[in-house]
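To start, the structure under review is shown below, and the notes come after it.
Side-chain atoms are counted along with the backbone in the values below, which use heavy atoms only and exclude waters and symmetry mates.
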Amino acid sequence: MQDVAHHTDITLHINGSDHAIGLDTRATLLDVLREQLGLTGSKKGCDHGQCGACTVLVDGRRANACLLLAVAQDGAAITTVEGLSDGDDLHPLQSAFIEHDAYQCGYCTPGQICSAVGMLAEARDGWPSAVTGDLSAADPALDDGEIRERMSGNLCRCGAYANIVPAIAEVAR
């Protein structure tokens, strides 16, 4: 029997399409994406917001889907790794990850790529990081140290960082 006290109907705008769904108000965005909508690109890693495997873009900003209640995303524009490509044309970061072999097992790759998309937008908007040298710079230089700092919320258990950083740097140029 469905608990109506914890159920609501909302519309999620995901990857350019609206999805009218009924859900438990306690469901995370990650669980709704994976279990109700079949968008399994975002991975469930730690389920505590510490690994970044579930990173998606919400209104253009990167967010851990495991920490977001889906009901609170009603009306937000959500982009998952599946929504980054344009048909058969991969997003430049997806192509760079392939070209640089910036993955091993691939489990963290969707979150890494979504986080990198958000991180590049933050840098373009002039947001500094903890290691940004010139805080008045309108467009912070994305050297390897800057990229590492900005991507520090995304973990790779295989240690593909040596290839992830150059892949992101290539697109940042």
> In the single-linkage hydrophobic clustering (I, L, V, M, F, W, Y; side-chain heavy atoms under 4.5 Å), do Val165 and Leu120 co-cluster?
Replying inline: yes
>> Let me confirm one number: the CG-SG distance from Asn154 to Cys114, rounded to the nearest 0.5 Å.
In response: 9.5 Å
> Can you name the closest pair of heavy atoms from Ile14 and Leu33 and give their distance?
Replying inline: CD1-CD2, 3.6 Å
>> List the residues meeting salt bridge (Lys or Arg N to Asp or Glu O under 4.0 Å) with Glu82, not counting sequence neighbours, and say none if there are none.
In response: none
> Going hydrophobic residue to hydrophobic residue with side-chain gaps under 4.5 angstrom, can you get from Val56 over to Leu69?
Replying inline: yes
> Should Leu23 and Thr8 be marked as a side-chain contact (heavy atoms from CB on, under 4.5 Å) after you check the CA-CA gap, both sets of side-chain angles, and the distance that decides it?
Replying inline: CA-CA 6 Å; Leu23 52 77; Thr8 193; 4.1 Å; yes
>> side-chain contact (heavy atoms from CB on, under 4.5 Å), that's the test. Do Lys44 and Cys66 meet it? Break it down for me.
In response: CA-CA 7 Å; Lys44 185 175 277 212; Cys66 72; 6.0 Å; no
>> To the nearest 0.5 Å, what is the distance between OG1 on Thr80 and CG on Leu30?
In response: 11.0 Å
> Any side-chain heavy atom of His19 within less than 4.5 Å of one from Val32?
Replying inline: no
> Got Thr55 and Asn64 here, is their nearest side-chain heavy-atom distance under 4.5 Å?
Replying inline: yes
> If you measure from CD1 on Ile164 to CG on Leu93, what distance do you get to the nearest 0.5 Å?
Replying inline: 11.5 Å
>> Please find the pair of heavy atoms, one from Gly22 and one from Gln36, that lie closest to each other, and give the distance.
In response: O-NE2, 3.0 Å
> Got Gln50 and Leu67 here, is their nearest side-chain heavy-atom distance under 4.5 Å?
Replying inline: no
> Does any non-hydrogen side-chain atom of Tyr107 lie less than 4.5 Å from one of Arg157?
Replying inline: no
>> Show the nearest heavy-atom pair for residues Leu68 and Gln73, with the distance to one decimal.
In response: CB-NE2, 3.8 Å
> Looking at Leu84 and Leu57, what are the two nearest heavy atoms and their distance?
Replying inline: CD2-CD1, 4.3 Å
> If you take all heavy atoms of Val81 and Pro110, which pair is closest and at what distance?
Replying inline: CG1-CB, 3.6 Å
> Ala123 and Pro140: which non-hydrogen atoms are nearest, and at how many Å?
Replying inline: O-CD, 3.2 Å
> Can you list every side chain to side chain donor-acceptor pair (under 3.5 Å) pair that touches residues 92-103, not counting sequence neighbours?
Replying inline: His100-Glu170
>> If I take atom CD from residue Glu122 and atom OG from residue Ser115, how far apart are they, to the nearest 0.5 angstrom?
In response: 7.5 Å
